[in-house]
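Residues: numbered from 1 along the sequence shown. Keep in mind that what you see is a predicted model, and the values were worked out from it rather than measured.
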Amino acid sequence: MADFSGLLSLVIFLPAIGALVLLALPSADAIRWTALATTAVTFVLSIGLWLGFDAGVSTALQPQLATRLPWFGPAIDISYYVGVDGLNLLLLLLTTLLGPIVVLSSWTYIGKAHKGYYALLLLLETGVLGVFASFDVFLFYIFFELTLIPMVFIIGIWGGEDRIYAAIKFVIYTLVGSLLMLVGVLWLGFAAGDAVNGGVFTTDWYKLVQFGVPLGAQWGLFAVFGLAFMIKVPLFPLHTWLPDAHTQAPTGGSVVLAGVLLKMGTYGLLRFVVPFFPNASAAAAPWIGVLAVVGIVYGALVAFAQTDMKKLVAYSSVSHLGFVVLGLFAFDQVAVQGSLIQMVNHGISTGALFLIIGMLVERRHTRAMADYGGIAKSVPVLTFFMLFSVFASAGLPGLNGFVGEFMILIGSWRSATVGNPILVAVATTGVIFAAVYLLWMVYRTFYGEITDPENATMTDLNGREIGLLLPLVALMILMGFWPTPFLQRSERAVRSLIETSELKAAAVESAGPGEVVVVPVAWPADVATAPAPAPQP
């Protein structure tokens with residue numbers, strides 16, 4: 001097998017290098033082409049992550065394709081530690097895939113300050129890739145905060161009329177959660193350092209996973225970590241920043257926000273909250289499940305009431321990501337795998353919806369559905385792509401959206417933590433509601449009589465626009481009809497995460513006062529012979 005070591009770091013930082021290069025370029029055309037070339041090369045290189053990842057081999061010592069460099073020396077165990085495993089591989093590839101698509105979608109949409117826009121877009125890609133690749137919690141926090149800066153400026157400079165309000169609201173919500181999380185990182189680093197790292201402060205993910213946080217401290221840490229990620233998802237009732245941010249952001253910003261930025265919240269819950277604080281996570285699961293289902297139904301009903309296309313799709317994200325959170329806290333392998341693949345599916349189908357809405361806005365300069373009507377006659381190709389993306393987002397069997405939601409519902413139904421079939425049955429109505437509000441949007445926008453002469457003369461999609469939508473449509477079909485290759489990549493990692501969390505929860509529950517619990521990371525091949533969790537004096 002080819003040697004792919006070092007490739008991940010190149011993939012992470014190549015967009016940032018491209019951002020520095022285009023700062024020196026004089027013309028808008030040179031800037032656009034440099035941004036496109038940088039993101040395209042990043043995506044091509046990231047395919048090596050898929051080729052170099054062996055789904056049949058797992059290790060408790062380090063992730064695959066990993067790079068680890070000490071950051072602060074031996075006195076503080078903080079490292080530049082990045083790698084690939086079954087939990088982050090698909091999200092890394094989704095991020096690199098959306099990179100050139102977002103650049104192409106901005107080609108004529110962005111009419112000012114091209115250098116700043118594309119530089120921030122590339123810096124944002126580096127930040128998101130770093131978030132998904134980090135196996136050091138402090139490094140994760142740095143990248144997590146890094147994504148905030150370019151997104152705020154993208155909304156605040158190139159957004160709509162209320163862009164400043166939306167940008168400030170986005171900053172306040174995100175900073176409140178992430179700064180509280182930093183306090184939790186510090187507490188956890190000192191406590192785990194004493195227990196598993198010879199008294200040296202550590203933010204190494206694998207060492208923190210082995211440390212059994214005492215019951216008395218789990219709830220507080222669960223609260224600060226969970227709040228930061230639930231705001232980012234966003235989970236009801238922490239969602240109010242999202243419709244404003246989506247509505248005001250330019251098309252490229254909306255695609256990145258829906259496609260990958262929201263997944264930083266669900267990924268954080270999966271990567272950190274569930275394995276670090278399994279007792280609190282299991283105890284809170286019924287209540288988190290209720291909030292998730294309320295978000296599913298609420299998001300769908302509010303989406304149906306919208307007159308603005310972007311706001312409708314924004315509320316649909318609240319509903320769809322409620323399914324993801326429900327599956328994560330089911331502590332069931334099928335449900336968790338469903339949540340993981342649904343993160344990717346949502347990024348593909350909702351990203352496509354925002355792209356298409358952006359194409360409409362670029363032609364008619366309005367997001368109001370009432371300003372359209374009957375345009376299927378003038379833009380049949382655009383109508384086809386919209387219908388296809390709507391069917392995928394609504395969960396039509398045979399397309400990608402169906403796979404994740406179906407697995408989530410199956411796993412949650414039999415879950416011992418969510419533990420309420422009635423709750424899951426209510427969540428199922430979200431699938432029905434999604435079809436209603438999405439098809440209602442299509443009917444109001446694309447069908448009926450043409451009442452505005454501008455709608456009769458709209459131009460259909462050009463080659464550039466068709467080219468950026470085709471890869472997303474292909475993935476909607478591929479992941480709908482043949483999800484197995486994608487699910488196989490995450491199977492062992494998800495099973496390991498659940499089994500390790502359960503071992504930790506049982507060990508912490510049975511530990512006596514003052515006992516420090518250390519639980520070896522359990523991988524599927526080793527579960528039968530894994531040593532029992534041992535309380536240490």
Looking at Asp371, Thr366, Thr445, which hits side-chain contact (heavy atoms from CB on, under 4.5 Å) with Leu360?
Thr445
What ring-ring contact (aromatic ring centres under 6.0 Å, His included) pairs are there with at least one residue in residues 353-381, not counting sequence neighbours?
His246-Phe354
At what distance, to the nearest 0.5 angstrom, does [atom1] of [X] lie from [atom2] of [Y]?
X      : Y      : atom1 : atom2 : result
Met479 : Leu90  : CE    : CG    : 6.0 Å
Ile466 : Leu470 : CD1   : CG    : 7.0 Å
Ser105 : Ile356 : OG    : CD1   : 12.0 Å

Side chains of residues 481-490: which donor-acceptor partners sit under 3.5 Å, not counting sequence neighbours?
unit_1 : atom_1 : unit_2 : atom_2 : d
Arg489 : NH1    : Pro485 : O      : 3.4
Ser490 : OG     : Gln337 : NE2    : 2.9
Ser490 : OG     : Leu487 : O      : 3.2

Which residues pass the side chain to side chain contact (heavy atoms under 4.5 Å, CB included) test with Val442, not counting sequence neighbours?
Met386, Leu387, Val390, Phe446, Tyr447
Does Trp107 have more than 12 heavy atoms from other residues, nucleotides or ligands lying within 6.0 Å of its CH2?
yes
Donor + acceptor pair across side chains of Thr240, Tyr173 (<3.5 Å)
yes
Can Glu125 and Thr39 be counted as having a side-chain donor-acceptor contact under 3.5 angstrom?
no
Anything under 3.5 Å between a donor and an acceptor, one on a side chain of residues 145-153, the other on a protein residue two or more places apart or in another chain? List them.
unit_1 : atom_1 : unit_2 : atom_2 : d
Glu145 : OE1    : Ser178 : OG     : 2.9
Glu145 : OE2    : Tyr141 : OH     : 3.4
Glu145 : OE2    : Ser178 : OG     : 3.4
Thr147 : OG1    : Phe144 : O      : 2.7

Considering residues at least two apart in sequence or located in another chain, which fulfil the ring-ring contact (aromatic ring centres under 6.0 Å, His included) criterion with Phe43?
none
For the residue pair [X] and [Y], categorise the inter-ring angle as parallel (less than 30°), tilted (30 to 60°) or perpendicular (more than 60°).
X      : Y      : result
Tyr298 : Tyr315 : perpendicular
Tyr117 : Trp158 : perpendicular
Phe384 : Phe388 : tilted
Tyr267 : Phe140 : tilted

CA sep, side-chain torsions, deciding dist, call: Asp85, Arg271, salt bridge (Lys or Arg N to Asp or Glu O under 4.0 Å)
CA-CA 11 Å; Asp85 68 1; Arg271 173 69 74 184; 2.8 Å; yes
With sequence neighbours left out, write down each residue that passes side-chain hydrogen bond (donor to acceptor under 3.5 Å, both in side chains) with Thr350, or none if nothing qualifies.
His346
Looking at every non-hydrogen atom in both residues, tell me the closest pair between Val102 and Gly252 and how far apart they are.
CG1-CA, 3.6 Å
